[in-house]
Amino acid sequence: MSFLLPYIEYTFSTLLHRVRGHDSGLFTSTPPFSTLPPSITITSPSLGSSPATLRREHTQDGASLFPDLTWPSTPGVAEWVLVVEDPDAPLPSPILHGIYYGIPGGVTAVRAGDFEDAGGSDGSGKWRCRGGWRYGKGARKGVYTAPRPLVGHGVHRYVFQLVGLREAVEDVGEGAGKEEVKKAVEEKVVAWGSWVGGYERKWK
């Protein structure tokens, strides 16, 4: 029966082809971002400026690598929060692919290796990335859920949202979710920007 799964997925995608574009549910589409325009330009050394096209290696069809991203040094930022979402999934709200906080304000670049789980046998690295910062609960278990849009549903946008804070996020507990982090950054945001990588899985 497994040979039928691609056909079922494609049929489902066709029926829901127009169900997409839930941008209003993105992390940066709510206060305080509505009154603070984006001011940070993010780019990818290997993929280019936004919008870009993700390579197979950055998806579940390949090695599930987090794309390398860079941005300029930003005065007044004590800490960064990075949120990755897909607003084009045929669901009521965007899929949360990853959420990271406690990134030092002096950091101006991230790479795939930073987003590996730092957890050790003693549990000292639980909910921490190898980059040194913390990660929260996404749509699935693990540090990062790489893109895997439905076959035939068209190009999905993966929005990497970088938020600069004037002070560190207070302790939100281990493995905080999107709502907990959103509440923790209120009245602390000084700058933000986003980078979009697109990916499509076509019917063959």
Side-chain angles (χ1 to χ4, degrees), residues 20-30 33 38 40-71 79-91 93-103 107-118 127-150 155-165 169 172 175-182 184-185 189 191-201:
R20 57 176 58 244
H22 302 293
D23 296 51
S24 61
L26 290 170
F27 189 89
T28 53
S29 292
T30 57
F33 306 99
I40 300 173
T41 300
I42 306 168
T43 189
S44 169
S46 61
L47 298 173
S49 58
S50 179
T53 298
L54 294 171
R55 296 172 183 161
R56 183 183 178 89
E57 65 195 60
H58 297 112
T59 73
Q60 292 185 42
D61 290 333
S64 295
L65 297 178
F66 198 98
D68 53 336
L69 301 173
T70 63
W71 57 90
E79 187 171 286
W80 297 104
V81 169
L82 180 59
V83 184
V84 186
E85 296 179 281
D86 171 11
D88 293 323
L91 296 171
S93 58
I95 291 180
L96 180 62
H97 284 257
I99 184 165
Y100 315 94
Y101 47 99
I103 304 173
V107 172
T108 58
V110 294
R111 57 185 180 81
D114 294 330
F115 296 91
E116 296 175 0
D117 197 327
W127 297 105
R128 287 194 175 273
C129 303
R130 289 196 180 278
W133 44 84
R134 293 174 287 174
Y135 69 91
K137 294 178 181 177
R140 296 185 180 182
K141 292 182 179 180
V143 178
Y144 173 61
T145 302
R148 188 196 177 280
L150 292 172
V155 177
H156 279 215
R157 295 164 298 149
Y158 297 87
V159 187
F160 294 74
Q161 304 154 88
L162 183 70
V163 180
L165 309 177
V169 170
V172 290
K178 177 179 174 179
E179 293 306 315
E180 289 90 345
V181 175
K182 186 187 297 183
V185 306
V189 179
W192 69 279
S194 64
W195 181 88
V196 179
Y199 188 67
E200 178 180 12
R201 297 176 69 235

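Only a predicted model underlies this, so the values are computations on that prediction, with no experimental measurement involved. Both backbone and side-chain heavy atoms feed into the values below; hydrogens, waters and symmetry mates do not.
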Within this structure, what is the [atom1]-[atom2] distance for the pair [X] and [Y], rounded to the nearest 0.5 Å?
X: Glu85; Y: His22; atom1: CD; atom2: NE2; result: 12.0 Å
X: Asp88; Y: Leu150; atom1: CG; atom2: CG; result: 11.5 Å
X: Trp192; Y: Leu165; atom1: CH2; atom2: CG; result: 14.0 Å
X: Arg148; Y: Asp86; atom1: CZ; atom2: CG; result: 12.5 Å
X: Leu26; Y: Arg157; atom1: CG; atom2: CZ; result: 7.5 Å
X: Leu162; Y: Trp195; atom1: CG; atom2: CH2; result: 13.0 Å

Donor-acceptor contact below 3.5 Å, side chain Ser50 vs main chain Val196: yes
Sidechain-backbone polar pair: Arg56 side chain, Asp61 backbone, donor-acceptor under 3.5 Å: yes
What are the two closest heavy atoms between [X] and [Y], and how far apart are they?
X: Gly142; Y: Tyr135; answer: O-CE1, 3.7 Å
X: Gly198; Y: Val155; answer: CA-CG1, 4.1 Å
X: Ser29; Y: Asp23; answer: OG-O, 2.7 Å
X: Pro147; Y: Pro149; answer: C-CD, 3.9 Å
X: Tyr158; Y: Phe160; answer: O-CD1, 3.3 Å

Side chain to side chain contact (heavy atoms under 4.5 Å, CB included) between Trp133 and Leu82, intermediate numbers included: CA-CA 10 Å; Trp133 44 84; Leu82 180 59; over 6 Å; no
Residue list, salt bridge (charged side-chain N to carboxylate O under 4.0 Å, His left out) with Arg130, at least two apart or on another chain: Glu116
Determine whether [X] and [Y] make a side-chain contact, defined as any pair of heavy atoms from C-beta on separated by less than 4.5 Å.
X: Thr41; Y: Thr43; result: no
X: Val163; Y: Thr28; result: yes
X: His58; Y: Leu47; result: yes
X: Val169; Y: Glu79; result: yes
X: Val159; Y: Pro87; result: yes

Cys129/Asp114 under side chain to side chain contact (heavy atoms under 4.5 Å, CB included): CA gap, chis, key distance, verdict: CA-CA 6 Å; Cys129 303; Asp114 294 330; 5.8 Å; no
Ring-ring centroid check Trp80 Trp71, cutoff 6.0 Å: yes
Pair Phe115 + Tyr144: ring centers closer than 6.0 Å: no
Return a table of donor-acceptor pairs under 3.5 angstrom between the side chains of residues 94-103 and protein atoms on other chains or two or more places apart.
residue : atom : partner : partner atom : Å
His97   : ND1  : Thr145  : O            : 2.6
Tyr100  : OH   : Val143  : O            : 2.8
Tyr101  : OH   : Ala176  : N            : 3.3

Atom NZ of Lys182: over 12 foreign heavy atoms under 6.0 Å: yes
Any side-chain donor near an acceptor of the partner, Ser46 and Asp68, under 3.5 Å: yes
Phe33 and Phe27 aromatic ring geometry - parallel, tilted or perpendicular at 30°/60° bounds: tilted
